[in-house]
**Q** 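The structure is given below, and queries will be raised subsequently.
Quick caveat: nothing in here was measured; it's all calculated off a predicted structure.
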Amino acid sequence: MKHSKDRLSPREWAASAFIVLAFVGFSIFDADKPLQLIAALTIVVGMLAIGALILNWTEIKEYMKGGDTYGTEKI
């Protein structure tokens, strides 16, 4: 039997990869100067943002279309 709910979708794999690579890349980065540390932090934040965009793309696309229903409950 196939259990599709137990496995990650390709979108979730890609987002997870970006997030893990951001932290792994930052942990092996050796910053001797403050500007190098700022550059590394900027790259990490950028990779985390890309991972968040990939993970939440369907919700973002719906929001941009104007069909956002987040936070509104139908009673």
**Q** Can you give me the closest heavy-atom contact between Arg11 and Leu55, atom names plus distance?
**A** NE-O, 3.2 Å
**Q** Between Phe26 and Ile43, is the side-chain contact (heavy atoms from CB on, under 4.5 Å) condition met? List the steps.
**A** CA-CA 9 Å; Phe26 184 70; Ile43 291 169; over 6 Å; no
**Q** Verify the cluster assignment for Leu53 and Met64: are they in a single hydrophobic cluster under the rule of side-chain heavy atoms below 4.5 Å apart?
**A**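 Hydrophobic grouping puts Leu53 with Met64.
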**Q** Where do Ala22 and Val44 come nearest, in terms of heavy atoms and distance?
**A** O-CG2, 3.5 Å
**Q** Tell me the closest heavy-atom pair linking Ala15 and Gly51, and the distance in Å.
**A** CB-O, 3.3 Å
**Q** How about Ile60 and Tyr63: do any of their side-chain heavy atoms sit closer than 4.5 Å?
**A**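 Not in contact.
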**Q** Say whether Val20 and Met47 are linked into one hydrophobic cluster, either directly or through other cluster members, by side-chain heavy-atom distances under 4.5 angstrom.
**A**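 Result: no, two separate clusters.
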**Q** Do Val45 and Leu37 land in one hydrophobic cluster if side-chain heavy atoms of ILVMFWY residues count as linked below 4.5 Å?
**A** no
**Q** Of the non-hydrogen atoms in Arg7 and Glu12, which two are nearest, and what is the gap between them?
**A** O-OE1, 4.4 Å
**Q** Side-chain heavy atoms under 4.5 angstrom apart, residues restricted to Ile, Leu, Val, Met, Phe, Trp, Tyr: same cluster for Ile54 and Trp57?
**A** no
